[in-house]
Amino acid sequence: MAQEKPAPLPKLLIIEDDPGLQAQLKWAYEDFDVTIVGDRESALTALRAEEPAVVTLDLGLPPDPDGTTEGFAVLDAIMALRPETKVIVASGHGARESALRAIEQGAYDFYQKPVDIEALGLIVRRALNLTQIEDENRRLSKQVGEDKTVLGTLITAAPEMVKVARTIERVAKNSVSVMLLGASGTGKELLAKGLHDASDRREGAFVAINCAAIPENLLESELFGHEKGAFTGAVKTTEGKIEQAHGGTLFLDEVGDIPLPLQVKLLRFLQERTIERIGGRKQIAVDTRIVCATHQNLEAMIAAGNFREDLFYRLAEIVINIPTLAERPGDATLLAKAFLNRFATEMNPLVKGFAADALAVIDGWGWPGNVRELENRVKRAVIMADGKLVRAEDLDLDSDQDSQLLNLKSAREQSDRKVIRHALARSEGNISNTAKLLGISRPTLYDLLKQYDLQA
Ligand SMILES: Nc1ncnc2c1ncn2[C@@H]1O[C@H](COP(=O)(O)OP(=O)(O)OP(=O)(O)O)[C@@H](O)[C@H]1O
């Protein structure tokens with residue numbers, strides 16, 4: 001009988017020049033296929049030959065064992081050769097600065113020397129776990145399904161969105177932190193709920209809080225709760241949202257709006273998994289998964305000193321970009337039909353569908369407010385409609401040039417006009433040169449100028 005081959009061990013490359021540490025580390029990873037090297041050249045050779053998923057890199061390598069130049073050179077080379085590698089850097093002096101720089105240059109995480117074998121082991125295994133999720137994602141995202149609903153409630157037929165949903169299904173089962181980035185109304189909260197429902201925490205509570213909607217002075221109490229008498233008006237002890245979501249998931253919407261002092265408190269919670277209510281004296285252990293979202297550019301906020309970088313990395317192990325409705329061709333009409341069915345049943349059962357002109361306007365509109373805007377428009381139109389079909393005028397959308405449905409003929413005409421005008425401008429109105437530039441004969445150009453009423 002053929003024997004089944006055991007699965008190969010995951011590969012780990014350790015780049016460390018201290019022979020004592022080399023020996024210690026070698027024995028710490030029995031569940032890995034470990035390669036240990038002590039300089040740049042052998043590191044890059046091993047990287048090419050072994051293609052390790054995870055690398056630990058000591059920044060102080062010869063010929064600059066007390067500095068970091070050689071370590072950073074190795075990091076750069078790894079990122080250029082295999083950017084998907086999870087590199088964990090170790091640094092001694094000036095640790096924080098080097099660590100942040102390393103993360104900026106693509107490192108996955110960092111730890112400060114002296115090495116704590118157990119803590120480092122945790123980081124390494126977490127990195128491996130993430131690599132496995134990413135590999136699986138790449139595989140899943142190739143299988144774009146035909147389903148119209150994903151994650152239970154999300155309606156879509158756009159491969160871009162199916163991919164987002166598949167990623168969420170995949171990360172739901174792991175404890176990695178997830179940040180959803182997308183414009184307002186793209187479905188971030190719905191996706192966060194989908195993640196919760198797909199996770200092992202589905203029996204626990206899903207609690208959502210919009211940090212931008214709560215005045216700064218109340219946000220701390222909303223998140224962390226307060227003890228009776230903690231401040232004027234605190235008549236009874238109240239749990240915060242983090243505690244309410246114990247055993248479940250807390251969706252922190254508009255996380256970029258959390259003021260800096262509260263960011264510190266949130267970071268402490270994420271590191272220690274305990275909270276202290278306002279006015280409280282004891283640390284309360286809380287098991288809450290945080291999923292957050294924002295429409296802001298957090299990287300720019302970090303650069304401007306308005307968002308803590310360390311908090312960002314805690315919150316954003318996996319970042320998921322959600323496409324706008326305009327970036328999901330076909331979804332606007334699909335969603336509109338679903339919303340129409342829902343609202344007609346609830347509010348105006350006479351309405352049975354959309355007239356062709358209404359569907360054309362929906363498909364051509366830019367939807368700056370995304371699904372939320374679409375939902376509201378359809379709701380209004382269903383209420384306003386006085387026949388069986390919702391017409392374009394019931395939607396009350398001012399179709400401008402860009403959003404009007406273009407048929408093939410008018411689309412061609414628009415692009416012809418544009419190209420001819422550019423060619424005329426470049427040849428300063430000279431007909432022969434314009435025709436040459438466009439690759440057509442002079443008579444054809446004359447015909448087109450006449451047809452489109454353009455002047456040479
Ligand atoms: N793909 C979808 N299928 C069905 N309903 C959707 C979909 N996307 C969004 N919605 C609905 O659109 C509305 C807005 O979605 P949601 O609140 O999740 O967006 P958001 O990105 O969190 O918005 P904001 O940033 O403004 O809070 C909700 O009523 C939601 O149920």
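Quick note: numbers below take in every heavy atom, side chains included, and nothing from hydrogens, waters or symmetry partners. Remember, it's 1-based here, ligands and their atoms both numbered in the order they're listed.
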Test: R281 and E227 ion pair at under 4.0 Å: no
Does the pair D109/R126 count as a salt bridge with the N-to-O cut at 4.0 Å? no
Answer yes or no for G182: is there a heavy-atom contact with ligand 1 below 4.0 Å? no
Any heavy atom of T156 closer to ligand 1 than 4.0 angstrom? no
Nearest non-hydrogen atom to atom 25 (O) of ligand 1 belongs to which of H295, M161, K188? K188
State the CG-CD distance between L218 and E220, to the nearest 0.5 angstrom. 10.5 Å
Heavy-atom check, side chain of R372 versus side chain of T186, under 4.5 Å: no
Quick check: do I290 and F269 have side-chain heavy atoms less than 4.5 Å from each other? yes
Atom CD of residue position Q283 - does it have more than 12 heavy atoms of other residues, nucleotides or ligands inside 6.0 Å? yes
Might you work through the side-chain hydrogen bond (donor to acceptor under 3.5 Å, both in side chains) test for T288 and H246, ending with a clear yes or no? CA-CA 5 Å; T288 293; H246 177 64; 5.0 Å; no
Closest protein heavy atom to [atom], given as residue, atom name and distance to 0.1 Å:
atom                    : answer
atom 15 (O) of ligand 1 : G187 CA, 3.7 Å
atom 10 (N) of ligand 1 : V371 CG1, 3.4 Å
atom 6 (C) of ligand 1  : L190 CD2, 3.3 Å
atom 4 (C) of ligand 1  : L335 CD2, 3.7 Å
atom 26 (O) of ligand 1 : S184 OG, 2.7 Å

Against heavy atoms of [X], which atoms of ligand 1 measure under 4.0 Å?
X    : result
I155 : 1 (N), 2 (C), 3 (N), 4 (C)
D253 : 27 (O)
E375 : 11 (C), 12 (O), 13 (C), 28 (C), 29 (O)
L154 : 1 (N), 3 (N)

Less than 3.5 Å between some nitrogen or oxygen of [X] and one of ligand 1, yes or no?
X    : answer
R372 : yes
E189 : yes
F251 : no
F339 : no

Note: L191, heavy atoms under 4.0 Å from ligand 1, region reported as neither
Donor on one side chain, acceptor on other, N210 and E189, under 3.5 Å: no
A cation-pi test, strictly: NZ or CZ of K265 under 6.0 Å from the centre of the six-membered ring of F224 and no more than 45 degrees from its axis. Yes or no? yes
When you measure from the centre of the six-membered ring of F312, is the NZ or CZ of R308 closer than 6.0 Å and no more than 45° off the axis? no
Does the K188 side chain pair with the main chain of G182, one donor and one acceptor, at a distance under 3.5 Å? yes
